[in-house]
Chemist: 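Here it is, the structure, as structure tokens.
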Amino acid sequence: MSKPLSVQELIKDYGPNRAVDKVSFEVEPGEIFGLLGPNGAGKTSIISIITTLERPTGGAVSVFGHDVVKDSRQAKVNLGVVPQEIINHGYFTVEEILKFHSGYFGIWENQKQIDFLLERLDLHVHRNKRVKQLSGGMKRRLLIAKALVHKPKLLLLDEPTAGVDIELRESLWGFVEELKAQGISVVLTTHYLEEAEQLCDRVGIIHKGQIRKVGPTSSLIKEFTQRRIQLTLKDQIAPVSHRWLVDQSANQLVFQVPADQGLGDLMSTVDFSYENVMDAQIMEGTLEDAFRRVLGEPTA
Amino acid sequence: MKTNIQFIPFAMLLNREIQRFMKVLAQTILTPMMTSTLYLLIFGVSLGASIQMSSGISFLEFLIPGLIMMGCLNNSFQNSSSSIVSAKFGGDLEDYRVSPLSNSQIVWALSLGGLARGLIVGGITFLVGEVFFYSTTGAWLNVHSWPIFVFFLAIGGLSFAKFGMSVAFWAKTFDQMSIVGNFLLLPLIYLGGVFFSLEKLSPFWQSVSKFNPLLYLINGVRYGVLGQADVSLSSCILVSGVALVFFHFLALRSLNRGSFVRW
């Protein structure tokens, strides 16, 4: 079966500048894939090529086996897109916009799905309003409703929570989890790495147009971060010499332990006993730490 | 959920285009109607009374078909170009690209939408012209050939709607849009024989005017209404057909090469 999304050796040049440089990754059915990178990394260029807003300079992109250049109409049938920027639809109401968008995807009568989305995204009381009469959060929800109106199997979310308040952000992520449970694959670009860590099954880290690392979120965290273990001892002890020790003050010791090692592994290598440990705090590495490490930036 | 990307995307975009201009009737229909009424009142009834036409018709009769075509061409052009420019500005032009709408479907939907507005304005101008004609002569103006009349309106409206799309895709600013409208289109329409007959011009300007393709579109409609025109019907059909094919491929090329990304 064809992958929901396959990006192979993708290149995009803008004049002499290479924005995307031989990027390759795939998205599996029913997974949430995070495309992470700093501003200008090439994320939006990749999304624009997948949605056919931009033409690739080289390489290939296919959606469920349909090439986005050679067979773009079939590729787009199963694709839903939430763009980064709010779209204004002039004189049309929320409901009219969703009807038109259904039609563009080949569905003339789609009232049931429109009603479901308006209800689910809390837009039903605003169905007769124009876009300019909606709040920022409502406009963002309308973009999501548009992207889902034709029941796509692959959803692209380009910074969907930029400038959105915490409550709405949480409800949107809840909705994305629901979509995943229904088997929809999601590609997400976001600056909020904490959210990406919670949501994404796998991530691709992109920098200066190149993919630096692709893998399961938990594996990347394990590979590129260390576990921080802080021990508070009952009695003060003499200065400790240990390869994982990063700080010692009074009766507190801080160790940075490889992600595949635990408290037990640490205790088996120190020369004081469990009885002397009053408290132990274990802080796991985060996706943000891994992200910084992959990009070669200093971690917190 | 039944899906058909061969016809429905086109039909829905056409539906949207018609709804778009119907939502702002004062702008899209009533204003052109007022303009036509003023033209007919000032040029047709008032000044026209002192203008003698050698072909045995009154100046008002001569003017009505020209004004009908002028309204149709102008509004077809305005509809498709303003639709694209406002969609570029608002960002919803991206919707056309990220959906399975083909370039051919976009060109036909927008040009038929433009034609619909052009025909409505042309139709209203015709009705207003009939009222003026009846109030002046006591008789209705009889259309010589409805098929020829409608044929040239349709070809002209479609061609100009496609031209409007091409310009809107090419333009990077509102200034560029208005340059084409005011410095190219308007002179061509005004000099295309709406208000004067070729016979009133010197031989030199008659020859120059024959290079203006709008002369043939306008005279095609005039032939349909009056049964006479400044140029032959066959040359009108030929030039109109070439114009339609040319503007269709120009519009397609603009879409293939142009950007759907918002301004």
Side-chain angles (χ1 to χ4, degrees), chain A residues 44-45 47-48 50-55 63 66 68 71-93 96-114 116 130-132 139 142-143 146-147 149-152 156 158, chain B residues 1-29 79 82-106 108-110 113 117 169 255-263:
Chain A
T44 298
S45 292
I47 297 283
S48 297
I50 299 168
T51 56
T52 74
L53 276 169
E54 299 278 1
R55 293 180 184 88
V63 177
H66 299 285
V68 298
D71 191 13
S72 66
R73 296 183 71 200
Q74 279 304 326
K76 288 184 275 190
V77 165
N78 288 313
L79 187 60
V81 189
V82 179
Q84 204 174 118
E85 289 185 57
I86 299 294
I87 289 177
N88 188 351
H89 290 268
Y91 308 112
F92 296 114
T93 65
E96 285 169 336
I97 291 163
L98 293 177
K99 280 183 180 166
F100 294 145
H101 214 68
S102 302
Y104 301 160
F105 282 86
I107 309 156
W108 190 265
E109 179 50 58
N110 198 23
Q111 197 58 45
K112 204 173 159 190
Q113 173 74 350
I114 290 170
F116 164 74
R130 295 177 185 182
V131 174
K132 67 180 177 185
K139 288 175 185 169
L142 174 59
L143 292 181
K146 270 173 64 186
V149 79
H150 58 292
K151 296 188 177 174
L156 304 183
D158 191 9
Chain B
M1 213 160 45
K2 207 174 165 186
T3 302
N4 171 359
I5 62 166
Q6 302 311 322
F7 178 71
I8 291 175
F10 153 78
M12 189 57 87
L13 185 56
L14 174 58
N15 175 30
R16 177 197 182 274
E17 282 302 292
I18 292 170
Q19 284 197 41
R20 195 185 72 85
F21 74 73
M22 294 302 278
K23 279 192 182 253
V24 278
L25 279 177
Q27 235 183 76
T28 56
I29 306 294
N79 199 69
S82 65
S83 176
I84 288 173
V85 167
S86 58
K88 265 185 176 181
F89 198 68
D92 47 344
L93 195 61
E94 291 184 5
D95 287 351
Y96 301 168
R97 186 75 311 163
V98 303
S99 66
L101 271 162
S102 68
N103 285 348
S104 186
Q105 286 177 329
I106 295 171
W108 279 109
L110 264 69
R117 178 169 149 191
F169 259 95
L255 261 73
N256 287 331
R257 295 196 162 198
S259 170
F260 285 70
V261 177
R262 75 192 301 162
W263 276 353

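Each chain gets a letter, A, B and so on, in the order the sequences are listed, and its residues count up from 1.
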Chemist: Among A:L79, A:V131, A:T51, A:I50, which residue forms the greatest number of heavy-atom pairs with chain B at distances under 4.5 Å?
Modeler: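 Winner by heavy-atom pair count: A:T51.
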
Chemist: Please classify the contact of A:K112 with chain B as side chain, backbone, both or neither, using a heavy-atom distance under 4.5 Å.
Modeler: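 Neither part.
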
Chemist: For A:V77, which atoms come within 4.5 Å of any heavy atom of chain B: side chain, backbone, both, or neither?
Modeler: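 Both parts, heavy atoms under 4.5 Å.
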
Chemist: Taking A:K76 first and then A:D71, would you say they form a salt bridge - that is, a charged N and a carboxylate O separated by under 4.0 Å?
Modeler: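 No.
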
Chemist: State, to 0.1 Å, how close B:N103 and B:R97 come at their nearest heavy-atom pair, and which atoms those are.
Modeler: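 Minimum heavy-atom contact is OD1-NH2, 2.7 Å.
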
Chemist: In terms of side-chain geometry, is the basic nitrogen of A:E96 or B:R20 positioned less than 4.0 Å from the acidic oxygen of its partner?
Modeler: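 So A:E96 does not pair with B:R20 through a salt bridge.
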
Chemist: Which atoms of B:S86 come close to chain A, meaning under 4.5 Å heavy atom to heavy atom: side chain ones, backbone ones, both, or neither?
Modeler: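 The answer is neither part of B:S86.
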
Chemist: For B:A87, is it the side chain, the backbone, both or neither that has a heavy atom under 4.5 Å from a heavy atom of chain A?
Modeler: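 B:A87 has no heavy atom closer than 4.5 Å to chain A.
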
Chemist: If we count only N and O atoms by modelled type, under 3.5 Å, do the side chains of B:S83 and B:E17 hold a donor and an acceptor together?
Modeler: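 Result is yes, a qualifying pair exists.
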
Chemist: Could you verify whether a donor N or O on one side chain and an acceptor N or O on the other, from A:Q113 and A:S102, lie under 3.5 Å apart?
Modeler: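 Checked: A:Q113/A:S102 side chains show no N/O donor-acceptor pair below 3.5 Å.
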
Chemist: Which bit of A:T52 comes within less than 4.5 Å of chain B, counting heavy atoms only: side chain, backbone, both or neither?
Modeler: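 Contact with chain B is through both the backbone and side chain of A:T52.
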
Chemist: Would you tell me whether A:N88 and B:D92 have side-chain atoms, one donor and one acceptor, within less than 3.5 Å of each other?
Modeler: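 No.
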
Chemist: Pick whichever of B:N4, B:V24, B:I5 has the most heavy-atom pairs under 4.5 Å with chain A.
Modeler: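 It is B:I5.
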
Chemist: Would you give the length of the straight line joining atom CZ of A:F100 to atom CG of A:N110, rounded to the nearest 0.5 angstrom?
Modeler: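 Rounded to the nearest 0.5 Å, the CZ-CG separation comes to 14.0 Å.
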
Chemist: Among B:Q6, B:K23, B:R16, B:Q105, which has the most heavy-atom pairs under 4.5 Å with chain A?
Modeler: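 It is B:R16.
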
Chemist: Side chain, backbone, both or neither: which part of A:I86 has a non-hydrogen atom closer than 4.5 Å to chain B?
Modeler: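 Contact with chain B is through the backbone of A:I86 alone.
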
